[in-house]
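Only one structure is covered here, and it is reproduced in the block below.
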Protein chains: 2
Amino acid sequence: MSRGEARQRLLDAAIGQIRARGYAATSVDELCTAAGVTKGAFFHHFRTKEDLGIAAAARFIEWLDGIFARSGWRDHADPLDRVLAYIDVRIRLLRGDVPHFTCLIGTMVQEVHATHPALRTACEAGIRDHLAPLQEEIAAAMAARGVTGFTPGSLAQHVMAVIQGAFVLAKAEGGPEAAAESLRHLRRYVAMLFREHDA
Amino acid sequence: MSRGEARQRLLDAAIGQIRARGYAATSVDELCTAAGVTKGAFFHHFRTKEDLGIAAAARFIEWLDGIFARSGWRDHADPLDRVLAYIDVRIRLLRGDVPHFTCLIGTMVQEVHATHPALRTACEAGIRDHLAPLQEEIAAAMAARGVTGFTPGSLAQHVMAVIQGAFVLAKAEGGPEAAAESLRHLRRYVAMLFREHDA
DNA sequence: GCATTGATACCAACCGGTCGGTATGTCCGC
DNA sequence: GCGGACATACCGACCGGTTGGTATCAATGC
């Protein structure tokens, strides 16, 4: 292992472990072993375990945004098709074992919201940042069809709620089937919301 | 404190603490202090901490089913109205601070699904049992209106996904507003699914 | 061209405290 | 007087975090 990559290796290990076992059950020692570094290195790069959590949240969102950028979900002429494409990408991501497709942020914020305010804020910001482009496309679709009755932000947050809830179901039943079904219901809802306004 | 109630007090304390801080971050000592009993009493009634979690999940579902039974959500002539009433009760329950209205099962299963199989199974069973009556009403509503294209179970699970996801959002943003908005989207979806089949 | 310097990256050993769990007793209703 | 319901005292392992130190680097002076 070459000099200078300990921080990245720790963040990657943290994302994997916390997604699988949660924040509290992931120990610093365990992370160091997984990343192949020592505890000294850990506390050289992160002041506390909470600091690592905050950095991991930011890195996770970067990673996720990269996936969506490469998916081409915004490459459609109609903004409604872009919104539906976002959901389709989410459905396609539901593959492999549970920790592989679930969300670090949702997992973490459930545990720490009441006890680690800084980490809660970081999770909130991560969600907001990730949803911003989706919210733009929803607003464009609403404007193009003259749809009213709700705000773009509320629908974007609803999309995120279904995604996070689908992850909870996937963890409860040990696989992604119910999660995918739920996202298909979401897709139908969005289609119905806008298509009934078509000419 | 009278003799014989230590078990109930421990379960109540566990439901409160785990809802607020999660399973891993809730220690046995802390629970004993909160319940006003000693560690000897704890391990007299529960073989392990995981056993307590399983018992707490069952007790939480009992408590929740009691709330819904008293709400009268099934006291409508039309099964669709009963389904919508279930969602309305869920919206009305979104009051107070976050640990007061969020779900023990969803919080716990996120942390333990990969590490505590027995606890994961208990959470899965709790969700399934709670959803059974809702699924019946969905099936009745579908039959009454000749709605097809999805199964009653998938819509019941979607309702639960939105509820769980709404709780995650509430924890991320520190309040129930976004959660309530999401449940209103869900209500609109269910209404649209069935009402477009009305005469 | 090379020694000096200061900063950064990292390491091994260790700290007090807390973790889940146990061993052994005591009390009280039947 | 006996069994279930607790209490007290304790255990080894592990927790997040700290310590004092070393290896490696770029920048500087000469």
Side-chain angles (χ1 to χ4, degrees), chain A residues 1-18 20-57 59 107-108 111-120 122, chain B residues 1-18 20-57 59 107-108 111-120 122:
Chain A
M1 184 192 132
S2 78
R3 188 184 168 86
E5 57 178 270
R7 183 187 161 91
Q8 300 298 332
R9 292 169 60 95
L10 281 166
L11 284 175
D12 290 340
I15 290 174
Q17 287 284 335
I18 297 174
R21 307 184 204 281
Y23 175 81
T26 297
S27 78
V28 173
D29 285 314
E30 190 183 343
L31 248 32
C32 293
T33 302
V37 305
T38 61
K39 227 164 172 180
F42 183 102
F43 286 100
H44 171 72
H45 290 289
F46 306 101
R47 205 171 45 85
T48 62
K49 184 186 172 185
E50 185 181 10
D51 264 15
L52 167 82
I54 294 172
R59 184 169 167 84
T107 302
M108 228 173 14
E111 293 181 61
V112 305
H113 67 102
T115 48
H116 297 72
L119 194 38
R120 201 221 87 225
Chain B
M1 178 193 136
S2 77
R3 194 179 170 83
E5 57 178 272
R7 184 186 160 91
Q8 299 298 332
R9 292 169 61 93
L10 280 166
L11 284 175
D12 290 341
I15 290 174
Q17 286 285 334
I18 297 174
R21 305 185 205 283
Y23 175 81
T26 297
S27 77
V28 173
D29 286 315
E30 190 182 345
L31 248 33
C32 293
T33 302
V37 304
T38 62
K39 226 165 169 175
F42 184 101
F43 285 99
H44 172 72
H45 289 289
F46 306 102
R47 203 172 45 87
T48 63
K49 184 186 172 186
E50 186 182 9
D51 264 16
L52 167 82
I54 294 172
R59 185 170 166 85
T107 302
M108 228 174 12
E111 293 180 62
V112 305
H113 67 101
T115 49
H116 297 72
L119 194 38
R120 200 222 87 226

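To find a chain, count down the sequence lines: A is the first, B the second, and so on, and within it residues start at 1.
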Evaluation steps, side chain to side chain contact (heavy atoms under 4.5 Å, CB included), between B/Leu119 and B/Tyr23: CA-CA 11 Å; B/Leu119 194 38; B/Tyr23 175 81; 3.8 Å; yes

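Counting to the nearest Å, the C1' atom of D/dG17 and the CG atom of A/Leu52 are 14 Å from each other. Atoms CG (B/Leu10) and C1' (D/dC6) sit 11 Å apart, rounded to a whole Å. When rounded to the nearest whole Å, the span between CZ of B/Arg47 and P of C/dG21 equals 9 Å. One interatomic measurement links the two molecules: CZ of B/Phe42 to C1' of C/dT22, which rounds to 14 Å at whole-angstrom precision. Atoms NZ (A/Lys49) and C1' (D/dG17) sit 12 Å apart, rounded to a whole Å. Whole-Å rounding puts the A/Arg7 CZ to C/dA9 P distance at 10 Å. Protein atom CZ of A/Arg9 is 13 Å distant from nucleotide atom C1' of C/dC10, rounded to whole Å.
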Watson-Crick and G-U pairing of DNA chain D, under 3.5 Å, as dot-bracket with | and [ ]: ||||||||||||||||||||||||||||||

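Listed nucleotides D/dC6, C/dG20, D/dG16 differ in distance to B/Ala6; the shortest reach to its side chain belongs to D/dC6. Closest to the side chain of B/Val37, out of D/dG4, D/dA7, C/dC10, is D/dA7. Residue B/Thr38 places its side chain closer to D/dT8 than to any other of D/dT8, C/dA12, C/dG21. Here the nucleotide nearest the side chain of B/Phe43, chosen from C/dG20, D/dG16, D/dT8, is C/dG20. With C/dG21, D/dA7, C/dA9 as the candidates, the nucleotide lying closest to the side chain of A/His45 is C/dA9.
Residues A/Leu31 and A/Leu52 form a side-chain contact, since some pair of their non-hydrogen atoms from C-beta on lies under 4.5 Å apart. Contact of the B/Thr48 side chain with the B/Asp51 side chain is registered, since non-hydrogen atoms from C-beta on lie closer than 4.5 Å. Proximity of A/His116 to A/Met108: side-chain heavy atoms (C-beta onward) are nowhere separated by under 4.5 Å.
Summarising the local packing, CZ of B/Arg120 is surrounded by more than 12 heavy atoms from other residues, nucleotides or ligands at distances under 6.0 Å.
Of all heavy-atom pairs spanning A/Thr38 and A/Cys32, the tightest one is O-SG, 3.7 Å. Here the closest non-hydrogen pair linking B/Ala20 and A/Ala114 is O-CB, 3.6 Å. When all heavy atoms of B/Ala118 and B/Ile54 are compared, the pair lying nearest together is CB-CD1, 4.0 Å.
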Contact state string [nucleotides 9-14 of chain D, B base, S sugar-phosphate only, - no protein heavy atom under 4.0 Å]: ------

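B/Glu111 places a side-chain N or O within donor-acceptor distance of the main-chain N or O of B/Ala24, the cut-off being under 3.5 Å.
Between A/Glu30 and B/Ala41, the residue anchored nearer the 5' end of DNA chain D, judged by the nucleotide with its closest heavy atom, is B/Ala41.
Contact annotation: A/His44 does not reach the phosphate of C/dC10 (side-chain N/O to OP1 or OP2, under 4.0 Å).
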